[in-house]
Amino acid sequence: MTLANRKTVESRGRSAFGTIIALLAGPIVWAAHLGVVYFLQSMLCAHGSASVTVAGMGLVPAIVVLATVVALAILAIVLLAPARVNRALGATDWRPSAMAFHTRVMIAMAWLSAFGVLWGGLAAFILPACAPLR
């Protein structure tokens, strides 16, 4: 394998991995939000710390609001600057038509994930923080 071929293969490998991460940026943020919210809610309720108040609201709703704002801010970056996200992840070694398709899919998945994050964050205001399971 020549040096030129090796560079092409290596850049395709980075580009493929970066493209997968870029395409799944929205669902990754959504999954992280869901994990953080439910993990912290479970731990706080199990240890009896949910009755603590922060800024006039319970600790669990405050954490949910903070996690939701952070997740939505990250998704806003994906939605407003998809070309920068692609460059940062090294997902730019594709034909222009493929890049356009990847960008549209990334934006669609980020919008769906934003809806999921909002829905998960809304639960903090609809449901009691530490409802009994049985």
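Values below: all heavy atoms of this structure, side chains included; hydrogens, waters and symmetry mates excluded. Everything numeric in this text was worked out from a predicted model, so none of it was measured.
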Connected via hydrophobic side-chain network under 4.5 Å: Leu80 and Leu75: no
Quickly, which of Thr53, Leu40, Val54 forms a side chain to side chain contact (heavy atoms under 4.5 Å, CB included) with Leu59? Name it, please. Val54
Can Met43 be reached from Val60 by stepping across I, L, V, M, F, W or Y side chains whose heavy atoms are under 4.5 Å apart? yes
What pair of heavy atoms forms the shortest contact from Val117 to Ala71, and how long is it? CG1-CB, 3.8 Å
side-chain contact (heavy atoms from CB on, under 4.5 Å) for Met106 and Val78? Distances and angles first, verdict last. CA-CA 8 Å; Met106 179 175 62; Val78 173; 3.9 Å; yes
In terms of hydrophobic clusters joined by side-chain contacts under 4.5 Å, are Val52 and Leu66 together? no
To the nearest 0.5 angstrom, please state how far the OG atom of Ser113 sits from the CG atom of Leu79. 9.0 Å
Between CZ of Phe39 and CD1 of Ile63, what distance do you get to the nearest 0.5 Å? 10.5 Å
Can Val85 be reached from Phe17 by stepping across I, L, V, M, F, W or Y side chains whose heavy atoms are under 4.5 Å apart? yes
Would you mind writing out the side-chain donor-acceptor pairs for residues 22-37 within the sub-3.5 Å range, not counting sequence neighbours?
unit_1, atom_1, unit_2, atom_2, d
His33, NE2, Thr68, OG1, 2.9

Residues which pass side chain to side chain contact (heavy atoms under 4.5 Å, CB included) with Val69, listed by chain and number, not counting sequence neighbours: Val65
Heavy-atom nearest pair, Ile107 first then Pro82, reads CD1-CG, 3.9 Å
Heavy-atom closest pair, residues Gly121 and Phe125: O-CD1, 3.9 Å
Within this structure, what is the CG-CD1 distance for the pair Asn86 and Ile21, rounded to the nearest 0.5 Å? 12.5 Å
With hydrophobic residues grouped by side-chain heavy-atom distances under 4.5 Å, do Met57 and Leu122 end up in a single group? no
